[in-house]
Amino acid sequence: MGMLDISIVKRYIRMADDGWHQGWHERNGGNLTYRLTPEEVAEMKPFFDAQPRPWVNMGVTGENLAGEYFLSTGSGKYFRNVILDPEDSICVVEINDKGDSYRIVWGLVNGGRPTSEFPSHYMNHCVRAKATNGAYRVIYHAHPANIIAMTYVLPLTDRDFSRALWKSATECPVVFPGGVGVVPWMVPGGADIALATCEKMKEFDAAVWAHHGLFCSGPDFDTTFGLMHTIEKAAQIHVLACSCGQGIHQTIQDDELRAIARDFKVQLREEFLD
Ligand code: 2HA
Ligand code: ZN
């Protein structure tokens, strides 16, 4: 029995590998964090390092998740390698009691730090946990090609992206009835993009990063991976339809979106409809 036999660790590794096989994680692209439950932390504690590594200030503060533990991919690590060598590629970090620093308590055995986007992930965990009464535990960032391609073509507004995606596949308004947020192009890795993404995550489960990728949040791995997958599939359909070069001749009408929402009992963001 060791860390790699623990169910949540196995499922985390599987999700990273699934993302790699989708083609969303070229080189060291993307990052995945999961907020552990107290039961999962208790299960892991026997395998934590005898000596935790030093505290590292995050440059951001989130008090509501002080003292919590996260699984995180490592900065500069490749999703492709997570399944082959998890101890080298991922880690568990503990947040201090002020909510402004982390320390590694397991993993990254050859050195390193959690993802360069950890401040963004941590702040978004704080926002999503607050918005969902603690239900949301996963933040996932990837580089799917079609949603990135759309950011070169469509106006960079929440409304334009949400409408185009809803109309690209009938299941979309059911999967993300709240729509998606859009963050303009920004330098990745810093506090500015973290705060801009948090503003969107107060309202949305997913935020598009212009010319960069997609941020998704959810209560568990299946839902969060499924959201990334559904949005990227819709983006692919949009790009394919536009690529036929004939123009768009028919699409799902706004009243048809309303009909889907009515029958599937979801609340569509009305201000995004005509
Ligand atoms: O981890 O995707 O946004 C590399 C990135 C940064
Ligand atoms: Zn990225």
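Whatever order the structure lists them in is the order used to number ligands and atoms, beginning at 1.
- For Ser217 (side chain) and Asp205 (main-chain N/O), a donor-acceptor pair under 3.5 Å exists by modelled atom type.
- Per-residue contacts place Gly30 under 4.0 angstrom from the following atoms of ligand 1 (heavy atoms of the residue considered): 1 (O), 2 (O), 4 (C), 5 (C).
- Ion pairing between Asp18 and Arg14 holds under the 4.0 Å rule for side-chain N and carboxylate O.
- Side-chain atoms of Trp166 come within 3.5 Å of backbone N or O of Phe176 as a donor-acceptor pair.
- Heavy-atom neighbours of Asn133 CG from other residues, nucleotides or ligands within 6.0 Å: at or below the threshold of 12.
- No side-chain donor-acceptor contact under 3.5 Å links His121 and Ser72.
- For atom 3 (O) of ligand 1, the closest non-hydrogen atom of the protein is Glu117 OE2, 2.6 Å.
- Here the heavy atom of the protein found nearest to atom 4 (C) of ligand 1 is Asn28 O, 3.4 Å.
- Vertex the Zn ion (ligand 2), arms ending at NE2 of His143 and NE2 of His141: the angle is 100° after rounding to 10 degrees.
- Looking at ligand 1, you won't find any N or O of Gly29 less than 3.5 Å from one of its N or O atoms.
- Ligand-side atoms of ligand 1 in range of His141: 2 (O), 3 (O), range being under 4.0 angstrom from any heavy atom.
- For atom 1 (O) of ligand 1, the closest non-hydrogen atom on the protein side is Asn31 ND2, 3.1 Å.
- Side chain of Arg11 to main chain of Asp220: no donor-acceptor pair is present (N/O by atom type, distance under 3.5 Å, no hydrogens or angles).
- In terms of polar-atom proximity, defined here as any N/O pair under 3.5 Å, Trp209 makes no such contact with ligand 1.
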